[in-house]
Undergrad: 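One structure follows; several queries about it will come next.
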2 protein chains.
Amino acid sequence: MDLTERNRLSDNIVHKLRKAILLGEFALDEHLREPALAERFGTSRTPVRDALMVLIREGFVAKLSSGRVVVQGISSEDITNLYEVRFILESHALAAWAKQIERLPLQPLKNCFERMNLNFVRSGEFSELDMEYHEQLIRLAGNKSLLQSWLGIGETIHSILEITNQGYPRGEQIVQDHSKIIEFLDRNKIDEAVATLKQHLYEGQMTMVETVEKLKKLKTHSTNP
Amino acid sequence: MDLTERNRLSDNIVHKLRKAILLGEFALDEHLREPALAERFGTSRTPVRDALMVLIREGFVAKLSSGRVVVQGISSEDITNLYEVRFILESHALAAWAKQIERLPLQPLKNCFERMNLNFVRSGEFSELDMEYHEQLIRLAGNKSLLQSWLGIGETIHSILEITNQGYPRGEQIVQDHSKIIEFLDRNKIDEAVATLKQHLYEGQMTMVETVEKLKKLKTHSTNP
DNA sequence: TATTATCTAACTGTCGACAGTTTAATAAAG
DNA sequence: CTTTATTAAACTGTCGACAGTTAGATAATA
């Protein structure tokens, strides 16, 4: 079933570069040079180039038409934007699912929830399961483009969570919300499911904004002599 | 203002590969081999790899975890999906713009419309201007993530239009719709603007589905001996 | 000193090559 | 004749190198 999952060097570089950008290691609009990055990560330029293409798509960096790649950084407004789009995509998924003549089964969503419910203490896996739950939610719509758009947003959010994650203080709340959404869907109460989702995402957004703000202050102090 | 626009070989390859896939030159799930493509386009493998990464993002091909890149093709359902997402993004842009305390100016949208209104005979530029109009519409929301998500959808749609384009039989209707949307926005009639947009996109979707179906039939006949 | 011109160093896009791995083909066994 | 084992060809990921171009430093001019 194609589980090979070869580890490419670029994957590792993507991960580390995202972290470095989020932690404010680079200044805004700073030019990221491929040779310097290649030396930093102990590779040739090829995996660095591949990694930069991924980060361009995710919006962490931007490519000027001159070819230069510059750091974009993540502001509170960016996070608000991100969650705004995330909500319209996910709420549309629920609405689209409800409109289907033959609705796709809720089972994958439920299975994911069960795994999360059991392991919700282990914060490492929790973040993955949280995102997987929302991905399953999107998949309910059976719309390839919707999934593709969501993956762009979802991966960005996930990578931010991965780094800023403080151990999921809201773990129990999250599990409870996920449970409520499934119940509402089961009972065909779509509006209630969407409302729960909205509140759920809003809280996630607030937490992330706070965390990123903290990080930013931390950075400002440590660099101001 | 950064107008350099260097021509990379990969851009050319992206264009030609998209066209080949849409015209049905490759079978579904066919394996695209980098060396073969490199020879076909008279380049080394590097620009081919870069081009494939773009096509992966656009959904024309998919990368298996083994590293293989396989052709995905475009079905009528794919187009429906594409337009469904496009509509929720664009309609959200209008709603978000309307909610702003200090609304972004409509001028860029109007400027784009004027250029389209003048040149709408020249079908070559028309396609570009049509997409630019809708991009300006998205920009009204002032949401970076929304724009990024839309660009993914928009570029895919644009590339399909570019190839299947039969000379824009609906040109006048399109210009008229664009004009109506601007008027509605000017008068703060958001619901009407969204309704016009919905009808506008629906007609675009129908045209594209028809065209792609025609292409498919054409292909079936020419390959069946 | 401010501004323009020149030059050098460095970067990006591209190339060909290599190594490990995977696929496909062939041979061996049931 | 089908299924498993073996082998060989080919592909992907990675590397170092080169050339044209760009950015920044230095020199020249006002």
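Sequence lines set the chain letters: A, B, ... in the order given, protein chains first and strands last, and positions in each chain run from 1. This one's a predicted model, so the numbers in the text were calculated from it and none came from an experiment.
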Undergrad: Just to verify, what does B/Glu77 make a side-chain contact (heavy atoms from CB on, under 4.5 Å) with, not counting sequence neighbours?
TA: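 By the side-chain contact (heavy atoms from CB on, under 4.5 Å) rule, B/Glu77 matches B/Ser75, B/Asn81.
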
Undergrad: Let me check the geometry of the helix from C/dT1-D/dA30 to C/dG30-D/dC1. What is the bend angle between the axes at its two ends, five pairs each, to 10°?
TA: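 End-to-end axis angle for the helix from C/dT1-D/dA30 to C/dG30-D/dC1: 10°, rounded to 10°.
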
Undergrad: Does anything in residues 48-60 of chain B reach DNA chain D, meaning a heavy atom under 4.0 Å, and if so which residues?
TA: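 Heavy-atom contacts with DNA chain D come from B/Arg49.
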
Undergrad: Could you pull out all residues at least two apart from B/Asp29 that satisfy side-chain contact (heavy atoms from CB on, under 4.5 Å)?
TA: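 Per chain and number, B/Asp29 pairs via side-chain contact (heavy atoms from CB on, under 4.5 Å) with B/Val70, B/Gln72.
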
Undergrad: Starting at CG of B/Asn7 and ending at C1' of C/dT14, how long is that distance when rounded to a whole Å?
TA: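 Between C1' of C/dT14 and CG of B/Asn7: 13 Å.
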
Undergrad: Can you name the residues that form a side chain to side chain donor-acceptor pair (under 3.5 Å) with A/Glu30, not counting sequence neighbours?
TA: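 Listed in chain order: nothing, the list is empty.
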
Undergrad: Restricting to side chain to side chain donor-acceptor pair (under 3.5 Å), what partner residues turn up for B/Gln148, sequence neighbours left out?
TA: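 Residues passing side chain to side chain donor-acceptor pair (under 3.5 Å) with B/Gln148: none at all.
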
Undergrad: Which pairs would a plain distance check flag for residues 47-59 of chain A, meaning a side-chain donor or acceptor within less than 3.5 Å of a matching protein atom at least two apart in sequence or in another chain?
TA:
{"unit_1": "A/Arg49", "atom_1": "NE", "unit_2": "A/Glu34", "atom_2": "OE1", "d": "3.4"}
{"unit_1": "A/Glu58", "atom_1": "OE1", "unit_2": "A/Arg18", "atom_2": "NH1", "d": "2.8"}
{"unit_1": "A/Glu58", "atom_1": "OE2", "unit_2": "A/Arg18", "atom_2": "NH1", "d": "2.8"}

Undergrad: Let me know the distance between CZ of B/Arg68 and C1' of C/dT23, rounded to the nearest Å.
TA: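 Nearest whole value for this atom pair: 6 Å.
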
Undergrad: What integer distance in Å separates B/Arg8:CZ from C/dC15:P?
TA: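 It works out to 14 Å between those atoms.
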
Undergrad: In chain order, what residues pass the side chain to side chain donor-acceptor pair (under 3.5 Å) check against B/Gln205, with sequence neighbours excluded?
TA: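 Applying side chain to side chain donor-acceptor pair (under 3.5 Å) to B/Gln205 gives none.
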
Undergrad: Of all residues at least two apart in sequence or in a different chain, which pass the ring pair (Phe, Tyr, Trp, His ring centres under 6.0 Å) check with B/Tyr133?
TA: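 For B/Tyr133, the residues satisfying ring pair (Phe, Tyr, Trp, His ring centres under 6.0 Å) (neighbours in sequence not counted) are B/His178.
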
Undergrad: Give, ordered by number, those residues of residues 29-46 of chain B having at least one heavy-atom distance below 4.0 Å to an atom of DNA chain C; if nothing qualifies, reply none.
TA: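 B/Thr43, B/Ser44, B/Arg45, B/Thr46, in order of number.
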
Undergrad: Pick the closest DNA chain D nucleotide for A/Pro47 and for B/Val69 by heavy atoms, then say which residue is nearer the 5' end.
TA: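 Mapping each residue to its closest nucleotide by heavy atoms, the 5'-most match is B/Val69.
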
Undergrad: Under 3.5 Å, is there a donor-acceptor pair between the B/Glu90 and B/Trp150 side chains?
TA: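 Side chains of B/Glu90 and B/Trp150: pair found under 3.5 Å.
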
Undergrad: Can you find a side chain N or O atom of B/Lys63 that sits less than 4.0 Å from OP1 or OP2 on D/dC11?
TA: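 No, because none of the side-chain N or O atoms of B/Lys63 sits under 4.0 Å from OP1 or OP2 of D/dC11.
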
Undergrad: Could you tell me if B/Glu84 and A/Ser145 have a donor-acceptor pair between their side chains, going purely by distance under 3.5 Å?
TA: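 Absent: no donor and acceptor within the cut-off.
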
Undergrad: side-chain contact (heavy atoms from CB on, under 4.5 Å) with A/Arg103: which residues, sequence neighbours excluded?
TA: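 So A/Arg103 forms a side-chain contact (heavy atoms from CB on, under 4.5 Å) with A/Trp97, A/Ala98, A/Gln100, A/Asn188.
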
Undergrad: Could you list the residues that satisfy ring pair (Phe, Tyr, Trp, His ring centres under 6.0 Å) with A/His158, not counting sequence neighbours?
TA: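 Partners of A/His158 by the ring pair (Phe, Tyr, Trp, His ring centres under 6.0 Å) criterion come out as none, since no residue qualifies.
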
